[in-house]
Amino acid sequence: MCVFLYLRDTWDPFQLNPVGSEKESKRRCFRLAQYLVAVIVGLAVLTSAVIAKGSLLLLSTLSSPTSMRSPKEKQFYMLMLVLCLVFPNFLVLIKSLWRCTFKSFVQPNIKTMSFVCAIECLVSLGTSVLILVVMPQFDVLTNLFISGGVCIVSATLQIVFRLQRETWKIVFPLCSLILTVAGYCLMGLDYYVRVSSFVDRHNNNCFFYIGIGIFSSLLISLCWWENPLQATNRMQDTLSELDGFRDFVFVISSILRIIVIGAVYLIYNICIQNNIIWLDFNLQMTNDRVLLQIGLVVFFLQAFCSAACHWFGVVACKIHAVRMSFALPVCCTGPTVLLLGLVLFVTQAQKLDGVQHESITEFCESLVFLSHKNTTPVVLLEITRSICRTSLNSYYLQWPFSMLALEGVCMWSGFVTCTYYVWKIKVQRIERTSQLFVRRLYESAFIDLSLLLNTKMKVPRARNQESHDEMQSCVIYLCATIWHETYDEMLKILTSMFRLDRYRGDPKEDHKDRFDFECHIYVDDAFMTEKHTQKRLVNDYVNCLIQVVIEVYRVFTNKEPDDVSIIEAPYGGRLMIVMPEGNMLYIHFKDKNLIRNKKRWSQIMYLYYLLGWKGYIVKNPQKIPCQKNPTRASLISLDGESFLLPQYDNDNKRKFISDDNTYILALDGDTDFQPKAVILLVDRLRMYNTVGAACGRIHPTGMGPMVWYQKFEYAVGHWLQKTAEHVFGSVLCSPGCFSLFRGSALMDDNVLKRYTTTATRASEYVQYDQGEDRWLCTLLLQQGWRVEYNAASDAYTNSPQEFEEFYNQRRRWGPSTLANTLDLLHSGSETVKRNTSISRLYILYQMFTVGSSILGPASVTLMIAGAFQFIFEIAGTLSIIIASIPPVFYVIICFVTKSKTQIVIAGIMSVLYAFLMTASFFSIIGDMVIQGTFLTPTGLFLVSMTIMYLVTAILHPEEFGMIVYGLMYFICIPSGYLLLTIYSLVNMHIVSWGTRESNKGGEETKKSHNVVCDKNCRICCWDMKIQISQETERLITPQMTTQDPRQVPALPIVDREITSQSAAMLEPQAKITNTKEKAGEVTKHVTDKAKQDTKAKDNGSSRSDENAVKRSLSLSSDEDDYDHLMSGDLEELEETSVSDWVKPVKEEFLKKLTYANLKRNLQEQIRYTLRNKNQDELCDDLVLMLTDTLNAELGEVGPENVLTQSQLEELQYALAEQARCILKTSRMEKLERRVKRAIDKTLTAPQVQKLDEGEQDFWTKLIERYLKPIVDTKAHQMEVTRELKSLRNKAVFLYFIINVLWVVATFFLQAIGNDVISIKIPKYYPNGNKTGEYLKVEPLSLMFLLSFAVLLLIQFLAMLYHRVYTLIHVVSYRSTEKDYKITDEVRMLKHTHIYSHHTLRNLFSNYK
């Protein structure tokens, strides 16, 4: 219950600041870690690229015809070179084949596929000819430089299609083309000099290979044809169509590329060179050990490092380190390889034994004599020999070597200028690889060039059309459901919402994360019937929530809420509050007499409202409610600019946002989260269009043993189970306490519509209402959407602290989880066809996990039997019998006793089991010490589990403390997996919520006490029995008068008691009479006021510029002003006809108009309005003088008295005049409007409003169709109870039979004896030596143990994979998170120039 039921008094200014209310700041350690990760990734890219490129050059040198290796060695190195080309194609083949087989298969377009495959064959032909034919003929330096020519086609297409945003940037591709051509010319000239100078026996054949090399480079450059074309409007249909069946195309093209590589190798070496000797492939480890070592090591280095370079390049882009960790290392790969080669040549070549050092020519000639020395390093010798083939080894002229160096400079410069756009590329957080790179395949032979040329040209695309590569704007609806939460729990959710408001800032300003949001809180069971007066009022939970809102608002702003509106609605009521930064908070009060309560129906309520109704009015702008006088209700003026208030502007923004970018953040009433957690979930839905929902890491909070158990249980569930589901398929349950859903996914067929189904059968009660979040995720999965898990998105929620509450919660979760999983498995074949994330293997994985959970009770029973056998040294069969007695006893207890008795007995048994598990744990350790080895099944399993959980905890450093609760989890395994399973199954027929079942919000009086009329009467020919109670009086009376009960206002409240008949007959007449009299008074008052206004106009024609601006922005005529005055006074009249609950709620917010609160609010409003440093002195003067004015005006008013309307008007006039004088004295008249607005906001009272007719009609129809309170007959309730018990009996029988079969099978294996049926496992000492003894284990237990171990190993590997990508996401977020330290100049600039002419144009278009 609420502990702060009253606002602060003047003598009680102290407050409790909730944890996390302070502004978030970038921690320096995270910034340093971000730079450190970027440096590490950059070094990894550079190192892997250098090794991959160097390894390829080395293999090419070793397989060269001029190499000093034997023909057998050359042949083997050439084969390794072929494998280097095949390896990346093989990887793509495996990945694409997997996706086509287990993910999705789309029928390809034969024409498009043939076109792509033809290009791939040409690329493969060029690559294999250049690598296998041309490069072995050249020296290592020429081979290093010649690959730079593969950018010719890309540069040409950039010039042809004019892809540059700025015209002058066409210089880059032009320079690239010129430099590449110049490089080829220099290469030809260099070889002409070599031939002319007789350098190393060069002949005219080299010109033939130069021509082939240039032609091969042109073919290779076709590889990246798609990149320039996707940046234009050309071939968009073909490229879009290709994306649909790209996996199948990759399967075919990879096979074709491998075939082409093999064909080139065989044709050239057999048909042309005829140098393959098949017997030489019969290598022996003894004779050819060095050859195998060098060849295989170099191949593995090239294959692994090229793949690693590609992966690290993707990571560098994802973490927003494109320049430092991607472009720079890749561009420096070639120069680094050259530098390392020259350093190796200069420093190590002189150390070769037996060479002459008098001159370079003599040095190169003496290398021939080292070819047969075993002590000579092969790699160093061949690289040195290859360098000696250049002009350095010329007897005549050595200066032509500079042409080779100039050739390298031209080729490298041409490559860099062609890919200039990479340095300016803009990427989002965790950018999709398909949005980073055009092709999935990388070219291992040209890994550095491949990465840059394959990087997507993003920026030019935005010129022609809306780019999907840029971050899309989105709107997030935060929807929290509250059900009897306490003050502390409400404080958490509201503090989190206000934190997000501060993070987002003014909704009129652009945010770097490009999102807008609204907060909606839905309060179930919000009303009570007052016992004495029979009035329908909000209960204590709502009063508590209101106090929490005021407290949190005060913590964040040090003042009271400014803009508050109270709205009656067909479902109860609504509060509309403008948060400090201008974002909206809506609190919906649900009356269970008018609308269905509980969480699922609240979800249906807000989904239809936010996605259905708001989506409808967005698509039909004419349906947006039109204000008769927008200047009064929806417009404010600031510095000559007008704009919509937030509550009227959100729907206007929604017009430009699609349903795909509309998100629903489902929350519980006690969830605590940071803005970072929301943004990380938004990233997942933004990046991947197939993701329908995403959940974060849920942390249970609280104290006590039950919370400790849940902390480790939640940790293990998220560390291993959820990560495995995310990696191998899709998460099955996105918890409703903190999950983000995509609007279009919820609006999809068979999702939201089916979610509204009312449970009528027993199985539906279990699946639909006991775990609504899991059922919603099941519907999404069956419709083809993916559900993801983000481990960095942390949310905290209260967990059950009492044993009974914990058991009741899991009593709901257990059967619901099993029912939904079985439903998904039952529709597995259809789901696999629809959902690309779910494969048949994943279905098999889920079947195994379900089977393990079903066998959980038997497994725990056998574990207990093992503990009995181990501790008390009794026979195996007897231990099984003894261990089976407690579960059977508890099953009987659950069938014959009440729920509370069952829980008490479960608690006692849990304590006894805990003692047994503790004894078993220490006995296992003692046995390992006695045996001198842990290499037994039990010991090995315990040690491996401990190591695995320890490593897992280390990989989650912020959650490492959870490992402490592991022992608590271990000793509670019997309670959690045996007793709780039995309790959940036997009590499956109980469908109540089980938690927070409280009536503290205000006990309703019994129906017998509420009846005020119980008569039999006759109307015309109808015999009727009428029974009227105070709760239904408003509903029945209008029905008898053929009126809509929701359109009839509440009856006036009278002090004396009257009968229901007099209330029904006399009060409406009195109301009509009073209304007419009041309307006459209002008319007279308005007429007098209009005359006064006319007289004031004549007397005061020279008013300030402010009035001139107001007149210029006014959208109404003099008659509209009259209507405005009429409506203003009629609103006062309508206040008497509002529901009973409105007045008490309004009084709570009216306390902001007390003398004490006004003083503080005014000071804070002025300070916030004039928060620029240049206005500090003026701000202090205004605060001082306006405070003095307020004190003078309210000197006779008590500090806790609420000001009347006349006092507010006088005070407003006095403060405005005082502010005008101060600003005029300070020559700051331009701030007058802003200061006046601050004064008006300070003195604004909460408004009581009505829903517009369109929304009123929407709610009426929605309630009638889907949310009408369920009134079950006694016969129906009895039938449902019977069906639930029947379902319970079937489920218990099935569980019982399966588990008994498992236990009986183990029992008979024990009875037969280990000597007859057993598996002998040798025992080992820790040093690896055999003990000579054997451990006999029955096959069934060993099989289950191994299966469980394999399952854990799979989950552990998935966790490692998921951890890496979580780190990438966290680092990328830290590099872009909001910095709250904004300079005052920027803040002032934003405040002044927020509202553009586009905003005004949209504004007036809505109200024409």
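Residue numbers count from 1 along this sequence.
Side-chain atoms of T333 come within 3.5 Å of backbone N or O of P329 as a donor-acceptor pair. A side-chain donor-acceptor contact under 3.5 Å links T47 to the backbone of L43. Remark: side-chain polar atoms of N227 are paired, donor with acceptor, to backbone N or O of T455 under 3.5 angstrom. The closest donor-acceptor contact from the side chain of S64 to the backbone of P136 lies under 3.5 Å. With hydrogens and angles disregarded, no donor-acceptor distance shorter than 3.5 Å links the side chain of S325 to the backbone of V322. Without hydrogens or angle criteria, K74 side chain to P65 main chain gives a donor-acceptor distance under 3.5 Å. Proximity of a side-chain donor or acceptor of S176 to a complementary backbone N or O of G414 within less than 3.5 Å is detected. Between the side chain of W412 and the backbone N or O of C331 there is at least one donor-acceptor pair closer than 3.5 Å. At distances below 3.5 Å, at least one donor-acceptor pair connects side-chain atoms of S839 with backbone N or O atoms of Y842. A donor-acceptor distance shorter than 3.5 angstrom exists from the side chain of S221 to the backbone of L218, with no hydrogens or angles considered.
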Check your understanding: Does the pair M187 and I210 meet the rule for a side-chain contact (heavy atoms from CB on, under 4.5 Å), with working shown?
Key -> CA-CA 8 Å; M187 183 176 66; I210 290 175; 3.6 Å; yes
**Study point:** Derivation and outcome, side-chain contact (heavy atoms from CB on, under 4.5 Å), residues L1360 and F1356
**Key:** CA-CA 6 Å; L1360 294 177; F1356 182 76; 3.8 Å; yes
Review point. How far apart are the C-alpha atoms of F115 and W225, what are their side-chain angles, what is the distance that settles it, and do they pass the ring pair (Phe, Tyr, Trp, His ring centres under 6.0 Å) test?
Key: CA-CA 12 Å; F115 172 75; W225 64 273; 5.3 Å; yes
Exercise for review: For S254 and S96, run side-chain contact (heavy atoms from CB on, under 4.5 Å): C-alpha distance rounded to whole Å, both residues' side-chain angles, the deciding distance at 0.1 Å, then the answer.
Suggested key: CA-CA 9 Å; S254 299; S96 301; 5.6 Å; no
Check your understanding: Under the side-chain contact (heavy atoms from CB on, under 4.5 Å) criterion, do H726 and R786 qualify, and how do the steps go?
Key -> CA-CA 9 Å; H726 174 96; R786 173 175 168 81; 3.7 Å; yes
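Inter-residue side-chain proximity for L83 and F87 is flagged as unmet; no heavy-atom pair is nearer than 4.5 Å. Within the 4.5 Å cutoff, side-chain heavy atoms of W311 are placed close to those of V1364. Taking 4.5 Å as the limit, every side-chain heavy atom of V298 sits out of range of all side-chain heavy atoms of M80. Between F326 and L451, the closest side-chain pair of non-hydrogen atoms falls below 4.5 Å. Put simply, the side chain of R834 does not reach to within 4.5 Å of the side chain of T831, judged on heavy atoms. Put simply, the side chain of I425 does not reach to within 4.5 Å of the side chain of Y421, judged on heavy atoms. Looking at I294 and L62, their side chains come closer than 4.5 Å, going by heavy atoms from C-beta outward. Residues R684 and H1369 meet the side-chain proximity criterion, which asks for heavy atoms closer than 4.5 Å.
Salt bridge annotation for R246-E226: present, with a cationic side-chain nitrogen under 4.0 angstrom from a carboxylate oxygen.
Side-chain atoms of R439 and N454 form no donor-acceptor pair, as typed in the model, at a separation below 3.5 Å. The closest side-chain donor-acceptor pair between Y77 and E73, if any, does not fall under 3.5 angstrom.
Shown here for I220 and W224, the closest heavy-atom pair between the two residues is O-CZ3, 3.6 Å. In terms of heavy atoms, T419 sits closest to W423 at O-CD1, 4.0 Å. Residues S55 and Q302 approach most closely at CB-CB, 3.7 Å, considering heavy atoms. Heavy atoms only, all atoms of each residue included: S386 and V140 are closest at OG-N, 2.7 Å. The minimum heavy-atom distance linking G148 with L449 is given by the pair CA-CD2, 3.7 Å. Of all non-hydrogen atoms in L219 and V123, the two that sit nearest each other are O-CG2, 3.6 Å.
By the 6.0 Å contact criterion, CZ on F207 is enclosed, its count of non-hydrogen atoms from other residues, nucleotides or ligands being greater than 12. Atom CZ of F90 has 12 or fewer neighbouring heavy atoms from other residues, nucleotides or ligands inside a 6.0 Å radius. Within 6.0 Å of the CZ atom in F304, the count of heavy atoms belonging to other residues, nucleotides or ligands does not exceed 12.
Distance CZ/F415 to CG/L453: 6.0 Å, rounded to 0.5 Å. Rounding to the nearest 0.5 angstrom, the gap separating the OG atom in S1372 from the CG atom in L1367 is 9.5 Å. Put simply, CG on L46 and CG on D448 are 10.5 Å apart, with the number rounded to the nearest 0.5 Å. Separation of atoms CG (L1351) and OH (Y845) is listed at 5.0 Å; rounding is to 0.5 Å. One finds the OH atom of Y442 at 9.5 Å from the SG atom of C309 (value rounded to the nearest 0.5 Å). The structure places OG of S837 at 14.0 Å from CZ of F728, a figure rounded to the nearest 0.5 Å.
Of the options E120, R257, E443, a side-chain hydrogen bond (donor to acceptor under 3.5 Å, both in side chains) to N89 is made by R257 and by none of the others. In summary, of the residues considered (L130, I131, N143), a side-chain contact (heavy atoms from CB on, under 4.5 Å) with S60 occurs for N143 alone.
In this structure, F437 and H310 have tilted ring planes: the angle between them lies in the 30° to 60° band. Below 30°, between 30° and 60°, or above 60°: for Y789 and H1362 the angle between ring planes is below 30°, a parallel geometry.
The side-chain hydrogen bond (donor to acceptor under 3.5 Å, both in side chains) check on Y184 picks up S217, with sequence neighbours excluded. Applying the salt bridge (Lys or Arg N to Asp or Glu O under 4.0 Å) test to K318 and every residue at least two apart in sequence or in another chain returns nothing. Residues forming a salt bridge (Lys or Arg N to Asp or Glu O under 4.0 Å) with E382 (at least two apart in sequence, or on another chain): R69.
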